[in-house]
Amino acid sequence: MANLYIPWIFLVQTLTLFAKCRSKVPAVIVFGDSSVDSGNNNFIPTIARSNFQPYGRDFPGGQPTGRFCNGRIPSDLISDGLGLKPTIPAYLDPVYNISDFATGVCFASAGTGYDNKTSDVARVIPLWKEVEYYKEYQKKLKAYLGNKKAKNLLSEALYLISIGTNDFLENYYTLPDRQSQFTVKQYENFLINLAADFVKKLYALGARRMSLAGLPPMGCLPLERTTNIMGLHACVEERNNVALEFNRKLKGMVAKLNKQLPGLEAVYGDVYYIFLQIITRPSAFGLEEARVGCCGTGRFEMSFLCNPHNPFTCQDANKYVFWDAFHPSEKTNQIISDNALKTFLAKFL
C-alpha cells in the first residue's frame, strides 16, 4: 500500500505545480528565428518561407502556416503545456488581432540572428525590428486591456527567445565579412554582447521572465552532415564545440544579468544536451532516423527545396528526428519542449 501511495502523492504534487505555473504565466511572447517563427515571414518579401506543403501536414487542420515543421514548434507546445493557447499566432498575420495576441504572440522571423548582417542574408526581420513590433504590440495591448492590466501581463508573461544558429551557419561560416573581422571566439563574444543588449531592451520595456535558448548541436544538423564529406557525413564536431562554447558564455551572461537587473528572472534554456541525446540515441525516444530529415532526401532540402513535388518525402515524420535538413520534427520539438517546461516549473514557482 505504501509503495502505491508515494507515486500517487508525487502525481498530485506534479499536477499542483503545473496548475500553479499555469496561473502564473498569462501569456507567452516569442522572439527569434525559424525555430519559433509561426508565420511572420509569410508577410515579408523573402525566400525564407515555408507556407506551402508538405510543411504543416501534421499541424491542426493539415495546412502550412509558415512554421518550419511538419506540425507545431516549441513555442506552441510550451504555450499549450502552460495551459494557454495550443498555438501562438504570428504578429504580422492579418487574420489575428490584439484579442488573439493577448495570451501569446510571436515576433520571430526565420533566417534572422542576433547580428543584423544575418538578417540581411535572406532579407528577413532583424531582431531590432522584432523589438519595434513588440513596442507597437504594447500600445495595442494597453488600449485593449488598460494600462494596469497590460503592464501586469507584460511583466508576468514568459518571453521565449530562440536565436543564434543562423549567425554561425548562414553568416559567419558562409560569408567572408564577419570572418575577416572576427575569429570565431571573438564572434561569439560579439553575439553575447548583442544578446545582453537585447535582454536589457526588453527589461526596460517591462519584461521580467525570460528564457534564452542556447544553440543546438548544429554540427549534427543533416545539412551540416551532408557537406561533411571528408568526415564520412558524421557530425561536424568543430561546429558542435562552437555551440558549446557559445552556450557557456550565454549561460554566464544570463546569470550576470540576473544579478544586475532587479526583478529579472531569466533562465538559460539548455537545448544542446537533450537534442544531442535524441540524435545519438533516437530509439530511446521512440524515433528511428537521425542522420537525415523526413522531407525529400533529407540531406539538403529546406524552405522551397522542401516542396510537394519531391517524391522522396517520408510517410511518417514521427520516426524522424528532423523534419527537413535544418529543423526538428514535431515529435522532437515535443521532447525538447517537455524538457524546457521542467525548467520553467522550477524557476517561476
Side-chain angles (χ1 to χ4, degrees), residues 33-38 48-78 80-81 86-87 110 162 165-166 169 213 215-228 231-236 239-240 243 271-340:
D33 56 23
S34 60
S35 59
V36 287
D37 180 1
S38 55
R49 291 190 185 186
S50 59
N51 56 338
F52 45 83
Q53 294 286 355
Y55 286 100
R57 72 180 193 187
D58 299 313
F59 190 81
Q63 294 301 312
T65 61
R67 289 168 172 82
F68 281 77
C69 188
N70 59 300
R72 291 190 292 172
I73 53 179
S75 43
D76 296 321
L77 297 164
I78 288 169
D80 197 7
T87 59
S162 180
T165 305
N166 296 318
L169 299 186
L215 298 181
M218 56 189 183
C220 292
L221 301 181
L223 185 62
E224 294 300 299
R225 297 179 73 153
T226 297
T227 56
N228 188 22
L232 302 178
H233 304 296
C235 294
V236 184
R239 305 284 165 90
N240 283 354
V271 301
Y272 184 96
Y273 287 105
I274 182 65
F275 207 162
L276 188 63
Q277 286 178 42
I278 298 168
I279 291 167
T280 55
R281 297 189 300 117
S283 61
F285 298 89
L287 296 155
E288 296 178 10
E289 178 58 72
R291 296 166 300 171
V292 299
C294 168
C295 191
T297 64
R299 298 185 182 279
F300 60 88
E301 294 93 342
M302 62 178 177
S303 192
F304 284 105
L305 293 176
C306 174
N307 61 62
H309 305 295
N310 197 313
F312 301 108
T313 299
C314 77
Q315 294 298 309
D316 185 3
N318 285 331
K319 295 178 180 179
Y320 284 70
V321 174
F322 293 94
W323 163 245
D324 62 18
F326 207 87
H327 303 96
S329 65
E330 182 183 47
K331 185 165 184 178
T332 300
N333 283 334
Q334 183 71 68
I335 297 166
I336 293 171
S337 300
D338 287 346
N339 189 67

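Numbering starts at 1 and runs along the sequence shown. A quick note: this is a predicted structure, and the numbers were derived from the prediction, not measured.
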Engineer: Quick one: OG on S75 to CG on N333, what's the gap to the nearest 0.5 Å?
Structural biologist: 8.5 Å
Engineer: I need the F285 CZ to I336 CD1 distance, nearest 0.5 Å.
Structural biologist: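 Between atom CZ of F285 and atom CD1 of I336 there are 9.5 Å.
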Engineer: What are the two closest non-hydrogen atoms of T313 and G296, and how far apart are they?
Structural biologist: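 What the structure gives for the nearest pair is OG1-N, 2.9 Å.
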Engineer: What are the two closest non-hydrogen atoms of P74 and S35, and how far apart are they?
Structural biologist: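 Of all heavy-atom pairs spanning P74 and S35, the closest is CD-O, 3.4 Å.
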Engineer: Are P217 and I279 side-chain neighbours, meaning at least one heavy-atom pair lies under 4.5 Å?
Structural biologist: yes
Engineer: Any heavy-atom pair between the side chains of P54 and C295 that's under 4.5 Å?
Structural biologist: yes
Engineer: How far does OH of Y272 sit from CG of N240, to the nearest 0.5 angstrom?
Structural biologist: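 Here the rounded value is 3.5 Å.
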Engineer: Can you check whether Y320 reaches T332 side chain to side chain, under 4.5 Å on heavy atoms?
Structural biologist: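 Sidechains of T332 and Y320: no contact.
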Engineer: Testing the basics here: between G62 and Q53, what is the closest heavy-atom pair and its distance to 0.1 Å?
Structural biologist: O-NE2, 3.1 Å
Engineer: Could you go through Y55 and M302, starting from their C-alpha distance and side-chain angles, then the distance that decides it, and tell me whether this counts as side chain to side chain contact (heavy atoms under 4.5 Å, CB included)?
Structural biologist: CA-CA 10 Å; Y55 286 100; M302 62 178 177; 4.1 Å; yes
Engineer: Please assess H327 against S34 for the test side chain to side chain contact (heavy atoms under 4.5 Å, CB included), listing each intermediate value before the final yes or no.
Structural biologist: CA-CA 8 Å; H327 303 96; S34 60; 2.7 Å; yes
Engineer: Between F68 and S303, is there a side-chain heavy-atom distance shorter than 4.5 Å?
Structural biologist: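 A side-chain contact under 4.5 Å exists here.
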Engineer: Taking atom CZ as the centre, does R57 end up with more than 12 heavy-atom neighbours from other residues, nucleotides or ligands that are less than 6.0 angstrom away?
Structural biologist: yes
Engineer: Would you say that more than 12 heavy atoms from the other residues, nucleotides or ligands in this model lie under 6.0 Å from the CZ of F304, or not?
Structural biologist: yes
Engineer: Let me confirm one number: the CG-OG1 distance from L221 to T226, rounded to the nearest 0.5 Å.
Structural biologist: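 So the gap between those two atoms works out to 10.0 Å.
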Engineer: Mind checking whether F326 and N166 have side chains closer than 4.5 Å, heavy atoms only?
Structural biologist: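 Yes; the side chains approach each other to less than 4.5 Å.
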Engineer: Does some side-chain heavy atom of D76 sit less than 4.5 Å from a side-chain heavy atom of P86?
Structural biologist: no
Engineer: Could you tell me if the side chain of K331 sits less than 4.5 Å from the side chain of N318, heavy atoms only?
Structural biologist: yes
Engineer: Any side-chain heavy-atom pair from L169 and R239 closer than 4.5 angstrom?
Structural biologist: yes
Engineer: Measure the spacing between CG of L223 and CG of N228 and express it to the nearest 0.5 Å.
Structural biologist: 11.5 Å
Engineer: Is the backbone N or O of R291 less than 3.5 Å from a side-chain atom of E289, with the two atoms forming a donor-acceptor pair by type?
Structural biologist: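 A pair under 3.5 Å: yes.
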Engineer: How long is the gap from CZ on R67 to CH2 on W323, to the nearest 0.5 Å?
Structural biologist: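 Going from CZ on R67 over to CH2 on W323, the span is 14.5 Å.
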Engineer: To check you understand the geometry: which heavy-atom pair defines the closest contact between H233 and R225, and what is its length?
Structural biologist: ND1-O, 2.8 Å
Engineer: What are the two closest non-hydrogen atoms of A317 and N70, and how far apart are they?
Structural biologist: CB-ND2, 3.5 Å
Engineer: Indicate the atoms forming the closest heavy-atom contact of C69 with S329, along with that distance.
Structural biologist: SG-C, 3.8 Å
